[in-house]
Protein chains: 2
Amino acid sequence: MKLTARKVEIVTKASRLFKEKGYSAVSVRDIAQEMGMKAASLYNHIESKQEILSILVLDLARDFTCGIASVRESNISPLEKIEQIIELHIDITVNNSEALAALNNDWMHLEGEDLIDFVKMREDYEEDFRKIIKEGVELGQIQPRHPEVILFSILSTLRTLYLWYQKRGKLDVNVLKKDMVAVLLRGIV
Amino acid sequence: MKLTARKVEIVTKASRLFKEKGYSAVSVRDIAQEMGMKAASLYNHIESKQEILSILVLDLARDFTCGIASVRESNISPLEKIEQIIELHIDITVNNSEALAALNNDWMHLEGEDLIDFVKMREDYEEDFRKIIKEGVELGQIQPRHPEVILFSILSTLRTLYLWYQKRGKLDVNVLKKDMVAVLLRGIV
DNA sequence: AGACAAAACTAACGTTTGTTAGTTAAAATT
DNA sequence: AATTTTAACTAACAAACGTTAGTTTTGTCT
C-alpha cells in the first residue's frame with residue numbers, strides 16, 4: 001500500500017501516543033481520536049495497527065543502517081568514525097524523537113518477516129560498531145577495555161537520548177554534539 | 001494485603017513476562033499460565049494486575065532511593081560518590097534484571113498515588129545525582145561540561161545495563177564494575 | 001476422623017480490543 | 001452535468017481483557 005500524506009500523518013500522530021504509553025496500551029480508537037475521526041475510518045488509509053508500527057520502526061531502522069554504512073566505508077580513523085556515529089544518533093534523535101521511543105520499546109511487537117528484518121538490522125548495526133571499537137583498540141587509539149562495555153555504554157546513552165535531550169529545551173544541537181563527544185570519548189574527570 | 005511467599009512468586013514470574021512484552025501486552029491469563037493456574041485463581045493472592053506492577057516498581061524504586069541516600073550522606077569526594085552510584089546500579093541490576101525492565105518501561109502505567117510517588121522518587125534521585133556532579137565540577141574534580149549531559153549519559157548507561165549485562169554471560173561483576181567506572185569516568189581514549 | 005482455612009477450580013460478567021461490512025457525503029475527473 | 005473515487009460515517013463482529021461469584025479440592029491442626 002502506498003505511503004500517502006494522510007498515512008504519514010497517522011503514523012506521526014500514532015508515534016506520539018506510542019511514546020507516551022507504548023504500542024500495546026494505545027488503541028486504534030485512541031489514534032483515530034487524535035486524527036479527529038472514527039476508528040473504522042483509519043482503515044481507509046492503513047491496513048492494520050501493525051502496519052503503523054512496521055512503518056515507524058523499520059523506516060527508522062533503515063536510517064541507522066544507512067548511516068552506519070556510510071561511516072563504515074568512509075576513510076577515517078576509528079575514533080573519528082565513533083564521533084560520526086555519535087553525531088548520526090543525535091541528528092536522527094532530533095528529527096525523530098517520537099518514533100525512536102517505538103524503536104526502542106516496541107520493536108518486539110513486530111510480527112513475522114518485519115521482526116526478523118529488524119533484529120537482523122539491529123545485530124548488524126551493533127556488529128559494525130563493535131568492529132570499529134576493536135579496530136580502535138588494536139590501533140591503540142582506544143583504551144584496552146572490554147569492547148562490549150564500551151559498545152553498550154556509548155550505545156545506551158545514544159539510544160535513550162530521545163528521553164531527555166528536549167527536556168532541557170534550548171540546548172543547541174552543535175553544543176550537544178560537542179559535549180556528547182567529549183563526555184563519551186574523554187570521560188568526565 | 002500481606003506479601004506472602006506465593007505473592008512474591010507471582011510478582012517474580014510476572015516481571016519476567018513484563019520484561020519480554022511490556023506490562024500492557026501481558027494478560028492476567030499469561031501470568032496465570034506461567035504460575036500453572038487459572039486466571040481467576042491469581043485473585044486469591046493479589047488484588048489486581050495493577051498491584052503486581054506497583055509492588056514491582058515501587059519496591060525497586062525504594063532500593064534506589066535508599067541507595068543514593070546512603071551515598072549522599074557518606075563523607076567522601078563527589079567522584080567517589082559517583083563511583084559508588086555506579087556500583088549501586090550494577091548491584092541492583094544483577095539482582096533484579098527483570099523488575100528493572102518494568103521500572104524503566106512500564107512505570108507510566110502506575111495509577112493514582114503510586115504514579116505520583118514514583119515520579120517524585122525518580123526526580124529526587126536525579127536531583128541528588130545532579131548535585132553531586134555539580135559539586136564535583138565546582139571542586140575541579142569533574143570537567144566543566146553541561147551537568148545535564150554528564151548526568152544523563154551516565155544514567156542512561158546504568159539504567160539500560162539490564163538489557164545487556166547478562167548477554168555476555170560470564171562477565172564477572174567486579175570486572176564489570178571496574179570497567180564501567182573506567183569507561184564512564186575516564187572515557188575510552 | 002472431622003473441622004477449618006487456603007487455594008485451586010468453573011462460569012460468567014461487562015468492557016475494550018482490532019477489524020469488517022455497508023452506506024453516505026464530499027472531491028476530483030470525465 | 002454525470003460519474004467515479006476518496007474518505008468519512010454507523011453498526012456490528014468475534015475475541016480478549018480484568019475481574020467477580022460461587023464451588024470444589026487440598027492441606028493442616030485438633
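Here the structure is a predicted model, which is why all the values come from computation and not from measurement.
Atom CD of A/Gln50 is separated from atom P of C/dT19 by 8 Å (rounded to the nearest Å). When rounded to the nearest whole Å, the span between CD1 of B/Ile52 and C1' of D/dT19 equals 13 Å. The NE2-C1' distance, from A/His109 to C/dT17, rounds to 15 Å in whole Å. Rounded to a whole Å, the CG atom of A/Leu17 is 16 Å from the C1' atom of C/dT17. We find that CE of B/Met37 is positioned 17 Å from C1' of D/dG18, with the value rounded to whole Å. We find that CG of A/Leu53 is positioned 17 Å from C1' of C/dT17, with the value rounded to whole Å. Taking atom CD on A/Gln33 and atom C1' on D/dA8, their separation rounds to 16 Å, with Å as the unit. Atom-to-atom, CG of B/Leu42 to P of C/dA6 comes out at 18 Å; the value is rounded to the nearest Å.
Phosphate contact (OP1/OP2 of D/dA8, side-chain N/O of A/Arg6, threshold under 4.0 Å): present. OP1 and OP2 of C/dT16 both lie 4.0 Å or more from every side-chain N or O belonging to A/Ser27.
Residues A/Asn44 and A/Arg29 both approach DNA chain D. Their nearest nucleotides, taken by heavy-atom distance, put A/Asn44 toward the 5′ side.
As judged by a 4.0 angstrom heavy-atom cut-off over every strand, A/Ser41 is placed among the base-contacting residues.
Classification of the B/Tyr23-B/Phe18 ring pair by plane angle, with boundaries at 30° and 60°, yields perpendicular. B/Phe118 and B/Trp107 have parallel rings, their planes meeting at less than 30° on a 0 to 90° scale where 60° marks the start of perpendicular.
In the set D/dA11, C/dA8, C/dT10, D/dA11 carries the atom at the smallest distance from any side-chain atom of A/Ala40. Distances were taken from every side-chain heavy atom of A/Lys38 (C-beta onward) to each of D/dT10, D/dT20, C/dT20; the shortest belongs to D/dT10. The side chain of B/Tyr43 approaches D/dG18 more closely than any other nucleotide in the set D/dG18, D/dA21, C/dT20. Side-chain atoms of A/His45 lie closest to D/dA7 of the nucleotides C/dG18, D/dG18, D/dA7.
Although no hydrogens or angles enter the test, the distance criterion places no donor-acceptor pair under 3.5 Å between the side chain of B/Glu98 and the main chain of B/Glu20.
Of the residues listed (B/Val94, B/Ile92, B/Ile86, B/Thr93), the one engaging B/Leu161 in a side chain to side chain contact (heavy atoms under 4.5 Å, CB included) is B/Thr93, and it is the only one.
Between the side chains of A/Asn44 and A/Ser41, no donor N or O sits under 3.5 Å from an acceptor N or O.
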